[in-house]
Every structure is written in structure tokens, then in C-alpha cells.
Amino acid sequence: MPEGADTFPAEVVARLEQDAKELIGRYPKPRSALLPLLHLVQSEEGHVSRAGMRFCADQLGITLAEVNAVATFYTMYRRRPGGDYQVGVCTNTLCAVMGGDEIFAALKEHLGVGNNETTEDGKVTLEHVECNAACDFAPVVMVNWEFFDNQTPDSAKRLVDDLRLGNDVAPTRGPASLCTWKQASRVLAGFDDGRAGEGVQAAGPSLAGLALARERGWTAPDPSPAANPQRTPSARSSSEPANLPRPAQGEEEAK
């Protein structure tokens, strides 16, 4: 569809309206469906355009300004066209210490793009992200929200080369193959692709604590009041003095 159009073509509206009706029906109030609707329109064009925001506003009975305020707040919504594969390099604390900064720098040079820029062939959009929620596998790269663990500059460069060449690429955990950015957006909108249970979801370091607890017979404390009869500060009567720390020597004189 024409870039910069204010509305979707009639046939696109008719098709998306069916999905939108299903999404809106999942919520007690229509406007609560705005986030999944934004993912839905992103699955159509690969980004959230003005036409996409207009569609959301019309479906929910809210203003275009209200939709724009949400679409510009969350980084998972693209505001301009991008690649088939969104490659996110974690550069937050642990990943950075483990090599995330070096990976991001190597990919920028290798691909010839900067942050939030797309390769000329339209295959890869590169970005740095603040956390991929996989610190136990640092440094981590995500492609369309699938994990590629324990990366190095060389392995990350091989990864993006395979993506651009159309080679089969399998995430470290999860499904056996990658979907496109548009397909991932449709899943995030709330339409199951039937692949959520594929592959290993948690492994290695993520399960180390659980394995150790089982080996040593550790269990979490019972939170019930019957198991913890000790009185809490809130249960202390107003006539009982609080157990406050004593002032340091000389502190009273300073007062």
C-alpha cells in the first residue's frame, strides 16, 4: 500500500476487522485491546503506520492521538519500515561485561548500519536492547524475539550472514526455525502459530538453582500464618516501644 497513506485499502480493512473483532472481544473494555491491535497492524506492514494507527482508533472508538501516544511509547512497535529480521543485541550490564558491546560494534561494522537501521537488502534491522531477560546465557542476541545464547562477535556475524542469505537458522532455545518479523507480530497480537511448545524453553544455568535445591532437599518457607506465629511489627500494640537501634556514641550530644 502507498507509504504515508492515511487509511488502509478497503480490502485490508475488511480482512483485519475480523481479527480485530476477535481481539476486542477478549477484553471487558474495547480500548484495552489497543496493544494487541498495534501488533496486528504491524503484522500487516511490518511497522505501525499512520494508516495502522487510524485503523486502531476506528476499531476502538478512541482518538488518533491516544493511539499515537501508546505506539510511540513502546519500543516493540516500529514506526518506520524495517527488515525481515530484527536483530537485537543486549548491551545491558551483564551482557555488556560478557561482550555485548563488542558484538554490537562488530555487527554495526559488518552490516554497515547503525542502531535501528536496516541493511540495503531489507533483511536485517539492527538494534541494541537494554535487556533480553536471559542474563544466565549472556551475551545474548535476539532475532524476532527468539534467543541466540552465549554469542561472540564471530558467531553473531555468521548469524546475520545466514539470515541475509536465506539459510535455515535455529534459535538456541524455542522453535526449530525463525519466523519473519511480520509473523512474530501476529503471534504477539494474540494469534497462536502452534509453535509455543517447540524445543527447549529453559536449560542449563536457568535450572541450576532448582537442581541444587532438589539435590539438597531445600524448600521454600511456608508463608501461612500458622507456620509463622511470630508477631510482626504491625501486630505490636501501640503501648509497646519499637525496637529501634541505639544512637551511636556522641550522637545524642550532636543533637
Side-chain angles (χ1 to χ4, degrees), residues 3 39-48 75-92 94-96 98-189 191-206:
E3 182 64 29
H39 283 299
L40 176 64
V41 297
Q42 182 163 257
S43 74
E44 181 68 25
E45 297 184 282
H47 67 290
V48 178
T75 59
M76 291 179 76
Y77 302 120
R78 287 179 179 170
R79 296 307 315 281
R80 60 180 183 271
D84 293 333
Y85 300 99
Q86 184 92 4
V87 176
V89 182
C90 183
T91 56
N92 210 330
L94 185 56
C95 278
M98 299 295 287
D101 287 334
E102 289 80 3
I103 292 172
F104 188 58
L107 288 182
K108 286 195 294 183
E109 180 179 0
H110 185 66
L111 295 172
V113 298
N115 184 47
N116 279 324
E117 293 181 354
T118 303
T119 54
E120 290 184 358
D121 58 9
K123 293 294 185 181
V124 171
T125 297
L126 179 66
E127 68 169 344
H128 76 82
V129 293
E130 287 305 316
C131 185
N132 279 331
C135 301
D136 38 357
F137 294 100
V140 174
V141 172
M142 293 193 86
V143 180
N144 294 349
W145 313 119
E146 299 293 352
F147 290 108
F148 290 82
D149 303 328
N150 303 123
Q151 292 293 295
T152 66
D154 286 341
S155 67
K157 286 189 283 188
R158 290 194 298 271
L159 169 61
V160 295
D161 285 346
D162 283 338
L163 293 174
R164 299 181 73 184
L165 291 170
N167 296 336
D168 292 335
V169 174
T172 309
R173 290 172 284 133
S177 61
L178 283 173
C179 63
T180 66
W181 174 256
K182 290 182 179 181
Q183 291 168 337
S185 295
R186 183 168 176 81
V187 172
L188 290 171
F191 295 101
D192 186 10
D193 64 354
R195 306 185 65 192
E198 286 186 14
V200 175
Q201 304 300 314
S206 300

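With ring centers used as reference points, His39 lies under 6.0 Å from Tyr77.
The heavy-atom pair separating Val140 from Ala134 by the smallest distance is CG2-O, 3.4 Å. Heavy-atom minimum distance, Gly100 versus Pro139: N-CB, 3.9 Å. Among all heavy-atom pairs drawn from Ala176 and Ala170, the shortest one is O-CB, 3.3 Å. Here the shortest heavy-atom pairing between Ile103 and Pro153 reads CG1-N, 3.7 Å.
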With side-chain hydrogen bond (donor to acceptor under 3.5 Å, both in side chains) as the criterion, how do Gln42 and Arg186 come out once you've worked through the C-alpha distance, each side chain's angles and the decisive distance to 0.1 Å?
CA-CA 8 Å; Gln42 182 163 257; Arg186 183 168 176 81; over 6 Å; no

Would Phe147 and Met142 satisfy side-chain contact (heavy atoms from CB on, under 4.5 Å), going step by step from the backbone distance to the final call?
CA-CA 5 Å; Phe147 290 108; Met142 293 193 86; 3.8 Å; yes

Is there a side-chain contact (heavy atoms from CB on, under 4.5 Å) between Arg78 and Thr125? Walk through the geometry before answering.
CA-CA 11 Å; Arg78 287 179 179 170; Thr125 297; 3.8 Å; yes

Stepwise side-chain contact (heavy atoms from CB on, under 4.5 Å) test for Phe191 and Leu40:
CA-CA 9 Å; Phe191 295 101; Leu40 176 64; 4.2 Å; yes

Please test Val87 against Leu163 for side-chain contact (heavy atoms from CB on, under 4.5 Å), starting from the C-alpha separation and ending with a verdict.
CA-CA 10 Å; Val87 176; Leu163 293 174; 4.0 Å; yes

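Ser185 places a side-chain N or O within 3.5 Å of a backbone atom of Trp181 that can act as its donor or acceptor partner.
Two residues are said to be in side-chain contact when any heavy atoms from C-beta on lie closer than 4.5 Å; Leu188 and Met76 meet this criterion. Counting heavy atoms from C-beta outward, Val160 and Tyr85 have side chains that stay 4.5 Å or more apart. Between Phe137 and Gln151, the closest side-chain pair of non-hydrogen atoms is not below 4.5 Å. Looking at Asn115 and Leu126, their side chains never come closer than 4.5 Å, going by heavy atoms from C-beta outward. Taking the side chain as every heavy atom from C-beta outward, Val143 and Pro171 never approach each other to under 4.5 Å. The closest side-chain heavy-atom distance from Thr91 to Phe104 is below 4.5 Å. The closest side-chain heavy-atom distance from Asn144 to Gln183 is not below 4.5 Å. Annotation: side chain of Glu146 is in contact with side chain of Leu178 (closest heavy-atom distance under 4.5 Å).
For the salt bridge (Lys or Arg N to Asp or Glu O under 4.0 Å) test, residues two or more places apart in sequence or in another chain that qualify with Asp154 are Lys157. Scored by the salt bridge (Lys or Arg N to Asp or Glu O under 4.0 Å) test, Asp121 finds Arg164 as partners (sequence neighbours excluded). Every residue meeting the side chain to side chain contact (heavy atoms under 4.5 Å, CB included) condition with Arg195, not counting sequence neighbours, appears here in chain and number order: Pro175, Ser177, Asp193, Glu198.
Distance NE2/His47 to CD/Glu44: 11.0 Å, rounded to 0.5 Å. Taking CG of Asn132 as the reference point, atom CG of Asn92 lies at 9.5 Å (rounded to 0.5 Å). Distance check, rounded to the nearest 0.5 Å: SG of Cys135 to CG of Leu94 gives 5.5 Å. For the atom pair Asp161 CG and Lys123 NZ, the distance stands at 13.5 Å (nearest 0.5 Å). Put simply, CE on Met98 and SG on Cys90 are 12.0 Å apart, with the number rounded to the nearest 0.5 Å.
Side-chain N/O atoms of Asp84 and Thr180 include no donor and acceptor closer than 3.5 Å. Judged by distance alone, the side chains of Asn116 and His128 never bring a donor and an acceptor atom under 3.5 Å apart.
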